[in-house]
Amino acid sequence: MRIRSSVRRVVLGILSFFLLSAAFTVAQTEQPAQSSESTKLLVHNDALHIFSESVQQLSDQVTKSVVQVVTIGYGLTKESGDKTDTATAYLTPQRGVGAGVIMTPDGYIVTNAHVVEGARKIRVRLQGINKQDADASDIRGPLEAKLIGVDHLSDVALIKIDATNLPALQFADSGNLKQGQVVFAFGSPLGLENSVTMGVVSATERQIDPDNPAIYIQTDAPINPGNSGGPLVDVDGKVVGINTFILSESGGNEGLGFAIPSNVVKNVYEQLRTEGHVHRGEIGVAVRSITPDLLEGLRLPTSRGVLIEDVSPELPAEKAGLKIGDVVTTVGGKPVTNVRQFSLDLLAYKVGQSTEIGLLRGRKQMTFTVKLVERPDDPQRFADLVTGADNLLPQLGVVGVSVDRQLHELLPDLRIPGGVVVAAKAPTASLLGESPEPGDVIHGVNGEPVADVASLRQKLRAIKPGTPVVLQIERDGQMSYLVLESE
């Protein structure tokens, strides 16, 4: 039975459960005893059984697309029983377990960035798939996975396995989620693969950090360590979010689970798949939520929306006609209630795409078409300057670009001319320790200056095994050293 048909049964079962159960109870007390066969038939058609069977069918369909992600890396571990800051730390192998969801038949899998962070090897187990469901020699695995890209800001990562004809799930529109909607969380909690829990949407737009515009779906569907990266699905079996973290005083589930909305995940997924990195756009405005004092003091026409307090020169908002004092009420036709909602709505658009900005200027309703451009401070903007394999620095696990005259115009405030800017992270690194991050500029190796990618590669190759590697980097205008070492 298809998922959609099971959905109707779920809904009907939920709505009619108490009514039918009561009617069945009355029938049992008022009707004469029935034969065992007819009683069995009646029981299996009551609301409780209908609901249970519908959930089973939904789970059977979805779980085929949910995988267990096992990572192997290295980390610092202090001596047993010694938790002091002065304790000796050892570099030891570490194993991590999370979940992921198959998004394409040819093996693209979405998971959390923190699930694969620092992993030297990534393996995938296909938990609910049988031989007839896909084409592979050992279909359950573990199968080696390749890291396609990571976006730490959204906590989304994309990996790929070598398999075909895999059962994939589709994204739902998380903008249509409603509080109280029934959802199901899939994953490998505490390493227990192929698990499912049920709950409701507690909140559709929960902001955890007031200084961070990121919005999450809050659910009471039990989520525990190991569920990270698994899908949160609706009763249609579509992905409404990717489970990412919990809030807990005990360390276990307390009914406060959070998932990245599918609209955010879809945008990041598509960019990672096509480009290997994510570009984030802006329109060139600074906004703030409308307070009672602002409403009264500026005589604003509405308390709903966000107030534009600055418009950057020469950026799309100014060119389109937006002005300081305008009140933005919609983005792409969807109502805007506060700053975090405004930021989230813009995250759904790629650089180069346009959106309709609805606003009030005084009491006049106006609409402008505004194109998104790349943020000038986005470290991923350098990734497009990569020309080929010559940019790869496997020892550091990064892709670098030489700071030439053209690139120096994008980095006018460099404290040391020249060097190598880190354009993106690579899947693996042969050196362990403090890795450089995208946007860092490498100026030196073990006290020797670095002019370009070729000289950096030459100096790294000349370092003998076991010798520490000290990089001098510039990050956000501040000079610092990173220490690395070979295994």
Side-chain angles (χ1 to χ4, degrees), residues 103 110 113 149-158 170-177 204-205 207 212-217 238-242 259-289 304-308 310-323 326-359 366-384 424 438:
M103 300 309 308
V110 167
V150 173
D151 181 55
H152 292 285
L153 188 58
S154 64
D155 195 23
V156 173
L158 183 63
Q170 295 180 339
F171 287 112
D173 184 352
S174 56
N176 294 330
L177 273 181
T204 59
E205 300 171 3
Q207 184 183 28
N212 188 332
I215 300 294
Y216 300 94
I217 300 166
K238 292 185 178 181
V239 178
V240 298
I242 296 296
I260 309 164
S262 59
N263 288 355
V264 175
V265 178
K266 182 179 180 181
N267 182 12
V268 173
Y269 156 74
E270 290 175 347
Q271 293 192 61
L272 290 178
R273 183 179 175 184
T274 56
E275 302 183 48
H277 54 273
V278 176
H279 295 279
R280 284 184 168 80
E282 66 169 356
I283 62 174
V285 296
V287 298
R288 65 181 300 169
S289 298
R304 299 183 63 83
V306 293
L307 174 66
I308 297 180
D310 193 18
V311 179
S312 301
E314 302 301 322
L315 287 181
E318 184 192 57
K319 294 178 180 179
L322 276 67
K323 297 181 179 181
D326 290 343
V327 176
V328 178
T329 55
T330 62
V331 173
K334 295 182 178 180
V336 172
T337 56
N338 49 44
V339 172
R340 61 179 183 267
Q341 182 63 50
F342 176 77
S343 301
L344 180 63
D345 289 341
L346 289 183
L347 281 177
Y349 294 89
K350 299 178 182 178
V351 173
Q353 288 184 326
S354 297
T355 182
E356 298 294 321
I357 302 293
L359 57 82
M366 307 177 73
T367 302
F368 297 87
T369 301
V370 186
K371 184 178 181 179
L372 275 76
V373 295
E374 191 163 16
R375 294 179 183 176
D377 59 346
D378 186 354
Q380 293 291 351
R381 66 193 184 280
F382 303 117
D384 289 335

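We use all heavy atoms of the structure for the numbers below, so side chains are in, but hydrogens, waters and symmetry mates are not.
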Just jot down the salt bridge (Lys or Arg N to Asp or Glu O under 4.0 Å) partners of [X], sequence neighbours excluded, or say none.
{"X": "D326", "answer": "R361"}
{"X": "R304", "answer": "none"}
{"X": "E270", "answer": "K350"}

From [X] [atom1] over to [Y] [atom2], what is the distance, rounded to the nearest 0.5 angstrom?
{"X": "N176", "Y": "T204", "atom1": "CG", "atom2": "OG1", "result": "11.0 Å"}
{"X": "L322", "Y": "D310", "atom1": "CG", "atom2": "CG", "result": "12.0 Å"}
{"X": "F342", "Y": "I357", "atom1": "CZ", "atom2": "CD1", "result": "5.5 Å"}
{"X": "Y216", "Y": "D155", "atom1": "OH", "atom2": "CG", "result": "7.0 Å"}

With sequence neighbours excluded, tell me which residues meet side-chain hydrogen bond (donor to acceptor under 3.5 Å, both in side chains) with T355.
->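 Here the qualifying residues are Y349.
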
State, with a plain yes or no, whether a side-chain heavy atom of [X] is found less than 4.5 Å away from one of [Y].
{"X": "I308", "Y": "V327", "result": "no"}
{"X": "V239", "Y": "V265", "result": "no"}
{"X": "L372", "Y": "E282", "result": "no"}

Mind listing the closest non-hydrogen atom pair of [X] and [Y] along with its distance?
{"X": "V156", "Y": "V110", "value": "CG1-CG1, 4.2 Å"}
{"X": "D345", "Y": "P335", "value": "OD2-O, 4.3 Å"}
{"X": "D173", "Y": "K334", "value": "OD1-NZ, 4.1 Å"}
{"X": "A172", "Y": "S262", "value": "O-OG, 2.7 Å"}
{"X": "A113", "Y": "H152", "value": "CB-ND1, 4.2 Å"}
{"X": "K319", "Y": "E314", "value": "CE-O, 3.2 Å"}

With sequence neighbours excluded, residues passing side chain to side chain contact (heavy atoms under 4.5 Å, CB included) with T330 |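 Listed in chain order: nothing, the list is empty.
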
For S354, all residues meeting side chain to side chain contact (heavy atoms under 4.5 Å, CB included), sequence neighbours excluded |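 In terms of side chain to side chain contact (heavy atoms under 4.5 Å, CB included), with neighbours along the sequence ignored, S354 is linked to T369, K371.
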
Heavy-atom count around Q170 CD within 6.0 Å, excluding the residue itself: above 12?
->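 Not more than 12 within 6.0 Å, no.
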
Under 3.5 Å donor-acceptor, T329 side chain and G305 backbone =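 Checked: no pair found.
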
Output yes when a side-chain donor or acceptor of N263 lies under 3.5 Å from a complementary backbone atom of S174, and no otherwise.
->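 Yes.
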
